[in-house]
Amino acid sequence: MPQNNIVITMPDNSTRNYRSGITGMEIASDISKSLAKASIAIKLDGKLSDLSLPIEQNVTIEIIKRDHDDALELIRHDTAHVMAEAVQNLFPGTQVTIGPAIENGFYYDFARDEPFSTEDLPKIEKEMRKIIERGSKFEREVWDRNEAIAYFKNKGEIYKAELIEDLPENENITIYRQGNWLDLCRGPHLPTTRHIGNGFKLLKVAGAYWRGNSNNAMLTRIYGTAWRNEKELKAYLHQLEEAEKRDHRKLGTEMDLYHFQTEAQGSVFWHPKGFTIYNQLEGYIRRRLDNAGYKEIKTPQLIDNKLWEASGHWGKYRENMFVVPDEIPSTDENAPVVSDKAFEKLMALKPMNCPAHVQVFNQGTKSYRDLPLRLAEFGCCHRNEPHGALHGLMRVRQMTQDDAHIFCREDQITGESVAFCDLVKTVYSDLGFDDVKVVLALRPDIRAGNDEIWDKAENGLRQALIEAGLEFEEAENEGAFYGPKIEYHIRDAIGRSWQCGTLQLDFVLPKRLNASYIGKDGAKHRPVMLHRAILGSLERFIGVMIESYAGKLPLWLTPTQCVVATITGKADNYAREVHELLLKSGIRSELDIRNEKINYKVREHLVKKIPVLFVVGAREAEEKTVAIRRLGSKAQDVVNLNQAIQNLKDEAIPPF
RNA sequence: GCCGCGGUAGCUCAGUGGUAGAGCGCGUCAUUGGUAAUGACGAGGUCGAGAGUUCAAUUCUCUCUCGUGGCACCA
């Protein structure tokens, strides 16, 4: 019987004929010995596969070597498998669950009565090195579904059995073996464990819910990082250390910007320097909004729960609210602070501004001519966040949103959305953020309104993103219950992504709170509401900025823009004069006439990240000049005083 | 909220079953010095809170609290 011939197309479009059933490794060997040695996987029609997998039909192949981008994911995934074996070798009775490759590394979730501690990590690493050294082949097997379930159940691996039970009926159950150990896995894998190399390290132990659901058991997750070699690993670990140095929580203390304390957990005590940044940022946004046709308002913090009931927040969202009894508290030490009856009359700190903004809209009668009406507020909101969620400035319990609600007609949605997207783009660019991820969050399972409305809403936002020329990705199920949203995410120093700006379409709240306007036809109509924020919250955005700039903010945002430092006491009077002139020019200046050496002063101010130093001694006083030293440069420029002030003044002008 | 780890001077951190230490910062004095730390002296802490074990607890155990790495939730 003649052998089946198949045609293999190479990346350069040349073709080769092979017998059916040949493996990637055999093709590599056929091309050259060195290629066979260097190859770790193969792409069949663009899909990553094992080198050992028999090829049975015509395909285009690409042989993957260690330096290929896709190699990292394989290395990471395989390291996870090896870790799982190591853990089961060392801690019998531990169940394995899932262990994927992730950005920069991998993790594996284990179920074990006794949780792992950080001290176990070196032991596990040592065992992993043994397994890698062993060089077992990764061998792929296809198992019968029921046999697989029985096998894992019999081994006491109930999580694995559950995973297999939930796989679609038509999917092959593939098992990968490495020596005597095996795991359910889709693959693909490297040829052997030795191909993993030594560029890996276990980093941390964490808890994680089985299948990401907080009703399920808590598993122990071990995170690791894995790279092609030790050099890459070291570079990554170094990068992590550098990132830690720019953590806004660390810099916030060092730069004396703000603090937190237990009596007000999750709420910021802004210090003078930090609040300068806050005010500058708020002022900038205010100017931008004024110019974009927004009207600024201010609404109450404390609002009767009747409004929250009407808005719908008193339902599920209540668990995020701070509730306050509306009763005069007793001062009698022996009596309860408030009576039982107090709980019949509750108020709540607003967790969001929308219902209050609808109240402003609802005053008087609105005409279609009034729309769009853009109501803006630097709205102070309180949210009773779960304790584990709090994180420096990034996640707080009291925040100020740069919030606004646009009340408009349906035909104005796209126009307003496009205008907002443009506004966000220029604001982020003014603030120095170019790497922003835009997400269109689509309808969740639990939602208000019918599909027709959702179709319209989602298409409206999608259209706006396209018209604004923004690249974006779509996220199923991530929308709010009342409408889809556009989310702007910015990364922090260590790569965590935070949602900042947002645009949310809402057909529900205007109805619930009975907002209406008189149309051209003389009849009442329901306005559409666009919730939108550019920074998201001032707190979070400042946190992101501190990290992004590593504390060296643009001059207009810097709390202390200039320090006038003297070399000798003889220059004190001149220094005072220079300092006064700077203040009069609107420069945030500080005077340093302490009895310290100039070396000491220069060092101290540079460490504090003061961007500009005006150094003055007897010579400068005599010549009416200043010796300028800038952060990040050793140069000393002696400049005429008036010129120096003018230059600084020009440079410190905020954008817009 | 859940799992792990932590809380010692203003900050960063050592340390111990017999009520504590360093560096920086702070104060005083001397020093008037040209661009990354002048020197000397000094003042600071119920060792996160409460309970238990012990002759004795900052140290061991438990509970709470806050922080932290994740998870879940979210701007």
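Letters A, B, ... are given to chains in the order of the sequence lines, protein chains preceding strands, and every chain is numbered from 1.
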Select base, sugar-phosphate, or nothing to describe what [X] touches, counting heavy atoms under 4.0 Å on all strands.
{"X": "A/Gln636", "value": "base"}
{"X": "A/Tyr107", "value": "nothing"}
{"X": "A/Ala565", "value": "nothing"}
{"X": "A/Glu604", "value": "nothing"}
{"X": "A/Lys485", "value": "sugar-phosphate"}
{"X": "A/Arg249", "value": "sugar-phosphate"}
{"X": "A/His391", "value": "sugar-phosphate"}
{"X": "A/Gly212", "value": "sugar-phosphate"}

Using the [atom1] atom in both, what is the distance from [N] to [M], to the nearest Å?
{"N": "B/U8", "M": "B/G48", "atom1": "C1'", "result": "10 Å"}
{"N": "B/C24", "M": "B/A20", "atom1": "P", "result": "23 Å"}
{"N": "B/G33", "M": "B/C41", "atom1": "P", "result": "25 Å"}

Quick one: do A/His405 and A/Asn353 satisfy side-chain hydrogen bond (donor to acceptor under 3.5 Å, both in side chains)? Show the steps, please. CA-CA 9 Å; A/His405 294 91; A/Asn353 307 298; over 6 Å; no
When the ring planes of A/His248 and A/His391 are compared, do they come out parallel, tilted or perpendicular, using 30° and 60° as the limits?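 Answer is tilted, since the angle falls between 30° and 60°.
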Return the orientation label for the A/Trp227 and A/Tyr236 ring planes: parallel under 30°, perpendicular over 60°, tilted otherwise.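 Tilted: the ring planes of A/Trp227 and A/Tyr236 meet at 30° to 60°.
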Nucleotide opposite [N] in a Watson-Crick or G-U pair, distances under 3.5 Å:
{"N": "B/C71", "answer": "B/G1"}
{"N": "B/A14", "answer": "none"}
{"N": "B/G52", "answer": "B/C60"}

Please step through side-chain hydrogen bond (donor to acceptor under 3.5 Å, both in side chains) for the pair A/Gln643 and A/Asn647, ending with a clear verdict. CA-CA 6 Å; A/Gln643 191 58 51; A/Asn647 291 349; 3.0 Å; yes
Using a distance-only criterion (donor-acceptor N/O pair, under 3.5 Å, no hydrogens), is the base of [N] paired with the side chain of [X]?
{"X": "A/Glu620", "N": "B/G34", "result": "yes"}
{"X": "A/Tyr209", "N": "B/G1", "result": "yes"}
{"X": "A/Ser214", "N": "B/A72", "result": "no"}

Please figure out whether A/Leu393 or A/Leu606 has its closest RNA chain B nucleotide nearer the 5' end.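 It is A/Leu606 whose nearest nucleotide is closer to the 5' end.
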Between A/Gln504 and A/Phe260, just flag the one whose closest nucleotide in RNA chain B comes earlier from the 5' side.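 Checking each residue's closest nucleotide, the 5'-ward one belongs to A/Phe260.
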B/C66 phosphate, OP1 or OP2, under 4.0 Å from A/Gln261 side-chain N/O: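 Looking at the OP1 and OP2 atoms of B/C66, neither is under 4.0 Å from any side-chain N or O of A/Gln261.
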A/Arg629 side chain near B/A36 phosphate (N/O to OP1/OP2, under 4.0 Å):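 So the side-chain polar atoms of A/Arg629 do come within 4.0 Å of the phosphate oxygens OP1 or OP2 of B/A36, strictly under.
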Ring centres under 6.0 angstrom apart (A/Phe433, A/Phe541):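 A/Phe433 vs A/Phe541: aromatic centres under 6.0 Å.
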Taking protein heavy atoms under 4.0 Å as touching, what does nucleotides 3-8 of chain B look like 5' to 3' if B marks base contact, S marks sugar-phosphate-only contact and - marks none? BS----
My understanding is that only one of A/Thr97, A/Asp109, A/Asp166 makes a side chain to side chain donor-acceptor pair (under 3.5 Å) with A/Arg211; could you say which?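 Of the listed residues A/Thr97, A/Asp109, A/Asp166, the side chain to side chain donor-acceptor pair (under 3.5 Å) partner of A/Arg211 is A/Asp166.
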Please name the residue in the list A/Arg249, A/Lys250, A/Lys245 that meets the salt bridge (Lys or Arg N to Asp or Glu O under 4.0 Å) test with A/Asp247.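 Only one of A/Arg249, A/Lys250, A/Lys245 forms a salt bridge (Lys or Arg N to Asp or Glu O under 4.0 Å) with A/Asp247, namely A/Arg249.
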